[in-house]
Amino acid sequence: MDPEEMKIQQALGEHQMGAPKLGFDVDVRSLVQYNHGFAVMSTNSKANPGFPGGSVVGFAPDEDGRPVFIFSGMSTHTQDLLADPRCSVTIASKEFKGAADGRVNLMGKVTLVPSEERDAMKAVYLAKHPGAFWVDFGDFNWFRMDEITDIRFV
C-alpha cells in the first residue's frame, strides 16, 4: 500500500474507533431480520442418538424476531424437534462469502406453534417466502424458536 493510501486508511480507522455503535442486540436482530430467509438448523438426532443432524431450512422472523419455520411431518428435523426441542439455528448475512462475514447462531428450543397463532405465522412466512405453496399442505407443521438460551454472533 502506498504511503498516501496508508494515511487515508489510518484516518478512517481512527474515525471508526470513535463512531457510535448500534450495539449487539441491534446487530443480531438486523442480521436475523434482513437476510435471505434460509438457515442451517442443527438438531439432536432421534435416529442416531448423540449425534447432531444438520438441515438447511427456510425461516422468517416474527414481529419479536423469533424464527418461524414450517416443516413436513416426514422430515428428520421435524422428528428430531418433536423428540427434543433443543437445537441451534445458524443464520448468515445476505452477503456471506466466508468465515470473515457476519453470521449468528441462535441456540434454544423450537416448539410447535399453537393452532390459534398459525394464520399469523403463515402471513409472516409468506411475506419472506411468497412462493411457499407448501404452507397449505396438511402434513406440514408450524414451529417457532420461542426460547433462545444463547446467541453467538460474528
Side-chain angles (χ1 to χ4, degrees), residues 13 16-154:
Q16 293 291 31
M17 294 298 290
K21 308 287 188 277
L22 294 175
F24 179 82
D25 56 338
V26 174
D27 288 342
V28 169
R29 178 69 184 261
S30 296
L31 198 150
V32 171
Q33 189 74 35
Y34 304 109
N35 66 77
H36 42 65
F38 294 93
V40 174
M41 176 180 277
S42 298
T43 56
N44 294 303
S45 177
K46 178 182 174 185
N48 298 291
F51 289 92
S55 303
V56 175
V57 298
F59 81 97
D62 69 6
E63 64 185 18
D64 294 323
R66 300 171 298 182
V68 173
F69 313 91
I70 183 163
F71 298 143
S72 167
M74 297 185 300
S75 71
T76 56
H77 45 271
T78 297
Q79 297 304 310
D80 294 346
L81 290 170
L82 292 174
D84 181 351
R86 295 175 301 158
C87 69
S88 73
V89 176
T90 301
I91 303 163
S93 69
K94 281 187 205 178
E95 302 81 15
F96 188 86
K97 299 277 189 270
D101 296 320
R103 62 200 176 276
V104 64
N105 177 260
L106 307 174
M107 286 180 273
K109 293 183 179 177
V110 170
T111 54
L112 287 166
V113 173
S115 58
E116 64 272 8
E117 297 178 36
R118 291 180 188 155
D119 285 341
M121 296 304 98
K122 181 178 174 180
V124 165
Y125 196 85
L126 286 173
K128 189 71 155 176
H129 302 278
F133 57 88
W134 55 90
V135 299
D136 292 319
F137 289 1
D139 69 326
F140 276 62
N141 304 285
W142 290 99
F143 289 86
R144 180 175 53 218
M145 184 175 259
D146 282 322
E147 183 182 327
I148 298 173
T149 56
D150 197 16
I151 298 171
R152 296 177 180 172
F153 178 63
V154 176

Pairwise distance CG(D84) to NZ(K109) - rounded to 0.5 angstrom: 8.0 Å
When every non-hydrogen atom of A39 is compared with those of I91, the smallest separation belongs to CB-CG1, 3.8 Å
With side-chain contact (heavy atoms from CB on, under 4.5 Å) as the test, would you mind laying out the steps for H77 and V110 before giving the verdict? CA-CA 11 Å; H77 45 271; V110 170; over 6 Å; no
Using a 6.0 Å cut-off, check whether atom CD of E63 has over 12 heavy atoms from anything other than its own residue. no
Nearest heavy-atom neighbours spanning V32 and P61: O-CG, 3.7 Å
Ion pair check, R66 and D62, cut-off under 4.0 Å: yes
Looking only at heavy atoms, which two atoms of P85 and T111 are closest? And how far apart? CB-CG2, 4.0 Å
S75 versus S72, side-chain donor and acceptor atoms under 3.5 Å: no
Rounded to the nearest 0.5 Å, what separates atom CG in L106 from atom OG1 in T90? 8.0 Å
Main chain of S88, side chain of S42: is a donor-acceptor contact present, judged purely on distance under 3.5 Å? no
Checking the side chain of H129 only, and the main-chain atoms of F59 only, is there a donor and an acceptor separated by less than 3.5 Å? yes
Has T78 got a side-chain atom pairing as donor or acceptor with M74's backbone, closer than 3.5 angstrom? no
Has K46 got a side-chain atom pairing as donor or acceptor with N44's backbone, closer than 3.5 angstrom? no
Name of the residue among W142, F69, F143 meeting ring-ring contact (aromatic ring centres under 6.0 Å, His included) with Y125: W142
When rounded to the nearest 0.5 angstrom, what distance separates CZ in R144 from CG in L112? 10.5 Å
Backbone N/O of D101 and side chain of R103: donor-acceptor pair under 3.5 Å: yes
Can you tell me how far apart CZ (R118) and OG (S115) are? Round to the nearest 0.5 Å. 5.0 Å
Over 60° means perpendicular and under 30° means parallel, so classify the ring planes of F38 and H36, tilted if in between. parallel
Heavy-atom closest contact (M107 atom, M145 atom, distance): C-CE, 4.2 Å
Could you pull out the closest heavy-atom pair between C87 and M41, with the gap in Å? SG-CE, 4.2 Å
What do the steps show when you test F71 against N141 for side-chain contact (heavy atoms from CB on, under 4.5 Å), and what is the final call? CA-CA 5 Å; F71 298 143; N141 304 285; 5.6 Å; no
